[in-house]
Protein chains: 2
Amino acid sequence: MRKNAKFDRDQVVNKATDLYWEKGFHATSMRNLQDVIDMRPGSIYATFGSKEGLFKEALKCYTQQGIAALHACRRETSSPISALQSFVKMLVIDSQTKAPNGMCMLAKTVAELTEDNAELLEEAKNSLKQIETEFALLIADAQALGEVKQNQTPRELARYIQIQISGLRVYAKTYGQEAPLDQMIEDMFTQYPF
Amino acid sequence: MRKNAKFDRDQVVNKATDLYWEKGFHATSMRNLQDVIDMRPGSIYATFGSKEGLFKEALKCYTQQGIAALHACRRETSSPISALQSFVKMLVIDSQTKAPNGMCMLAKTVAELTEDNAELLEEAKNSLKQIETEFALLIADAQALGEVKQNQTPRELARYIQIQISGLRVYAKTYGQEAPLDQMIEDMFTQYPF
DNA sequence: AAACTTTTTGAACGATCGCTCAATTTTAAC
DNA sequence: GTTAAAATTGAGCGATCGTTCAAAAAGTTT
């Protein structure tokens, strides 16, 4: 945290994000966090202010990484829709085994928190809206390229994608390997409303 | 809890269910529960064994009430599909304002818990599967009546419904009144795959 | 109404919670 | 090399956690 603070801070926030993502806000204790980020309580509180403060940074970190991953998918293909599709597959299928938690951290947070943590709840909601906006931009591109019909707006289609992701991730966690996720995601982009 | 224990026990479990539903497993303390169910710790532990034991009963209670509500919808109309649709509207729209929490308690639990509470997690997953089975039965009826095409199995369609409900409830909590939930639920039953 | 069983009570246990702060160590400036 | 500022440490604070259990109360049996 002393010099080159930026790099260390990012690393610390990343580790905190993974723990919060895995266990959720309430089930994660400051002592858990102390262990994984290897900082003593005084330093944590000097840097992040509170358990809520660190969680808020974790939400921002998670969101930025998500958007970066989406942009990475976009860069790897000329088709906006197949970029979106491979992003969804990453979220729904790969996250099940490779991520700290199969669920979306933002959806988990929206589900977990109440008005007792209004600021964090708002942050999570806003992040979800921000991601939906990114989807809409991608879909607008796809429509401009003639990849997608224009009888629904990008916003409406982005909303549809968001709902499918949330639903599929709960479903994937519930049913584990039994769910034919791959097929379901294919259908998502070939059937109505696409 | 002394004589006629059944009635009181149901009432107690109902109140506990509402609190757990509102706040989630980890954020609900035994002292919170003591207050809302008006029992002293000794009695609670004599009756339910532990915080986990009471939560397990709450999950069962929640699931039974959900299935009972679905059957009630079925009894009020001759169309299995419109029964299903009004059930979905109840879950997604009415729950937002009238229930302890807009989210499904089972989805919330699947999202919140890890292997640290394996038994409770399994209970929640099984309840979601049980409800999906109920959906499938209703859809099979609809297919028999010619209300629904037969090119997808009841199981597949029930799965689709489950995913839409999970997704829509996260979406509803995120966007509040902004989301055109009514229209989206209509589409759900008129567009693919119905 | 005495004897016995069952249920309820609530003080209190040890553990852990989020967090503070005086003391110490590390870094930067001169 | 000295000094001032900044960052880090970790013991420990008061509060709360899930839970226990001896004592009291309520119910049942005879």
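As the structure is a computational prediction, the values presented were derived from the model and not from experiment. Proteins come first, then strands; the chains are lettered A, B, ... in the order of their sequence lines, and each starts at number 1. We use all heavy atoms of the structure for the numbers below, so side chains are in, but hydrogens, waters and symmetry mates are not.
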d([atom1], [X]; [atom2], [N]) in whole Å:
X: B/K51; N: D/dT16; atom1: NZ; atom2: P; value: 15 Å
X: B/D8; N: C/dT6; atom1: CG; atom2: P; value: 19 Å
X: B/H26; N: C/dG18; atom1: NE2; atom2: P; value: 12 Å
X: B/Q34; N: C/dT8; atom1: CD; atom2: C1'; value: 13 Å
X: A/D116; N: D/dT16; atom1: CG; atom2: P; value: 14 Å
X: A/M30; N: C/dT20; atom1: CE; atom2: P; value: 10 Å
X: B/K23; N: D/dT16; atom1: NZ; atom2: P; value: 12 Å
X: B/Y45; N: D/dA22; atom1: OH; atom2: P; value: 18 Å

- Query: In chain order, what residues pass the ring-ring contact (aromatic ring centres under 6.0 Å, His included) check against B/F55, with sequence neighbours excluded?
  - Reply: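 With sequence neighbours excluded, B/F55 shows a ring-ring contact (aromatic ring centres under 6.0 Å, His included) to B/Y20, B/F25, given in chain and number order.
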- Is the number of heavy atoms from other residues, nucleotides or ligands under 6.0 Å of A/Q34 CD greater than 12?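 It does: A/Q34 CD has more than 12 such atoms within range.
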- Task: Determine, for B/F194 and B/K149, whether the Lys NZ or Arg CZ falls below 6.0 Å from the six-membered ring centre while staying within 45 degrees of the axis.
- Result: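 No; the conditions do not both hold, so B/K149 does not lie above the ring face of B/F194.
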Within the sub-3.5 Å range, which N or O atoms of nucleotides 9-16 of chain C have a protein N or O partner, and how far apart are they?
unit_1, atom_1, unit_2, atom_2, d
C/dG10, O6, B/G42, N, 3.0

- Under the side-chain contact (heavy atoms from CB on, under 4.5 Å) test, which residues partner A/S127, sequence neighbours left out?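 Expected list: A/T63, A/L106, A/E123.
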- Query: A/F87, A/L145: one ILVMFWY side-chain cluster at the under-4.5 Å cut-off?
  - Reply: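 No, A/F87 and A/L145 fall in different hydrophobic clusters.
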- Query: What about A/Y62 and A/M103, same hydrophobic cluster or not, with Ile/Leu/Val/Met/Phe/Trp/Tyr joined at side-chain heavy-atom distances under 4.5 Å?
  - Reply: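 A/Y62 does not cluster with A/M103.
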